[in-house]
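Working notes for the structure below.
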Amino acid sequence: QVQLVESGGGPVQAGGSLRLSCAASGRTFGRYTMGWFRQAPGKEREFVAALSWAGGSTSYANSVKGRFTISRDIAGNTVYLQMNSLKPEDTAVYYCAATNKIGLYVQSSDYNHWGQGTQVTVSS
């Protein structure tokens, strides 16, 4: 059984930074694509970033491009989301996701493993 556990969320002031971590366990993720999504109150879950684990390719939502960076820990099954220049509109629950499809995917329906989420609150 695949398990994803996020950490690193919390309150931060606008302009600040946070780094989210997603620890994966249960099986190897050598061929998995990893993604980050977020969901704000009253809104649908939206794509943030994705990383093709095997190839290292990345994709970002336009709203976070240039501010967020997705990366991986080659030594272990951990993926990160470095978030800089945070804005109040980045406030949401952030979810880590994984799919065994090869490639980059931005639709939540393409992912079949999800973490429990971590809250990020950006104050102005």
Side-chain angles (χ1 to χ4, degrees):
Q1 182 69 18
V2 172
Q3 292 185 329
L4 303 175
V5 180
E6 303 98 332
S7 62
V12 63
Q13 290 190 333
S17 299
L18 281 176
R19 188 177 79 158
L20 305 183
S21 299
C22 174
S25 63
R27 62 185 303 165
T28 60
F29 283 79
R31 293 175 62 85
Y32 275 57
T33 289
M34 304 296 292
W36 285 97
F37 289 76
R38 66 186 182 186
Q39 188 166 18
K43 295 187 177 181
E44 294 186 353
R45 190 169 298 189
E46 65 174 1
F47 169 76
V48 175
L51 171 69
S52 173
W53 197 278
S57 300
T58 58
S59 179
Y60 296 93
N62 288 333
S63 59
V64 306
K65 199 170 295 184
R67 300 188 297 123
F68 291 10
T69 303
I70 187 170
S71 62
R72 66 191 185 201
D73 177 1
I74 296 177
N77 287 339
T78 303
V79 64
Y80 304 99
L81 184 68
Q82 177 66 42
M83 306 186 295
N84 298 328
S85 302
L86 283 162
K87 305 175 181 179
E89 51 264 44
D90 293 319
T91 295
V93 177
Y94 283 71
Y95 297 91
C96 175
T99 177
N100 54 4
K101 298 180 180 180
I102 297 175
L104 292 174
Y105 297 91
V106 303
Q107 298 294 328
S108 59
S109 57
D110 287 311
Y111 292 80
N112 49 6
H113 303 288
W114 292 87
Q116 82 289 349
T118 184
Q119 176 72 47
V120 172
T121 303
V122 184
S123 59
S124 57

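For the single chain, residues carry numbers from 1 onward in sequence order. Predicted model only: the values in this text are computed from it and were never measured.
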| task | Run the numbers on Leu4 and Tyr95 for side chain to side chain contact (heavy atoms under 4.5 Å, CB included), then give the verdict. | result | CA-CA 9 Å; Leu4 303 175; Tyr95 297 91; over 6 Å; no
| request: With side chain to side chain contact (heavy atoms under 4.5 Å, CB included) as the test, would you mind laying out the steps for Phe37 and Tyr111 before giving the verdict? | output: CA-CA 11 Å; Phe37 289 76; Tyr111 292 80; 3.6 Å; yes
| task | Would you give the length of the straight line joining atom CE of Met34 to atom CG of Leu81, rounded to the nearest 0.5 angstrom? | result | 11.5 Å
| task | Measure the spacing between OG of Ser108 and CD of Glu44 and express it to the nearest 0.5 Å. | result | 8.5 Å
Heavy-atom side-chain proximity of [X] to [Y] below 4.5 angstrom:
X	Y	answer
Arg38	Val64	yes
Val120	Asp90	no
Trp36	Cys96	yes
Thr33	Asp110	no

Kindly give the heavy-atom pair with the smallest separation between [X] and [Y], and that separation in Å.
X	Y	result
Arg72	Leu51	CB-CD2, 3.6 Å
Asn84	Ser17	OD1-OG, 2.9 Å
Ser52	Gly103	CB-O, 4.3 Å
Ile70	Val79	CG1-CG2, 3.8 Å
Ser21	Thr78	CB-CG2, 4.5 Å
Leu18	Leu86	N-CD1, 3.9 Å

| When you look at Trp114 and Arg45, which way does the side chain to side chain contact (heavy atoms under 4.5 Å, CB included) test go after all the steps? | CA-CA 12 Å; Trp114 292 87; Arg45 190 169 298 189; 3.3 Å; yes
| query | For the side chain of Glu6 and the backbone of Gln116, is there at least one donor-acceptor N/O pair under 3.5 Å apart? | reply | yes
| message | Is the ring pair Phe68/Tyr94 parallel, tilted or perpendicular, if the boundaries are 30 and 60 degrees? | response | tilted
| query | Shared ILVMFWY cluster between Phe47 and Tyr105, side chains joined below 4.5 angstrom? | reply | yes
| Hey, any chance Tyr80 and Leu104 share a hydrophobic cluster, counting ILVMFWY side chains that come within less than 4.5 Å of each other, even indirectly? | no
| Given the rule in the side chain to side chain contact (heavy atoms under 4.5 Å, CB included) test, do Val12 and Met83 qualify, once you have shown the distances and angles that lead to the verdict? | CA-CA 11 Å; Val12 63; Met83 306 186 295; over 6 Å; no
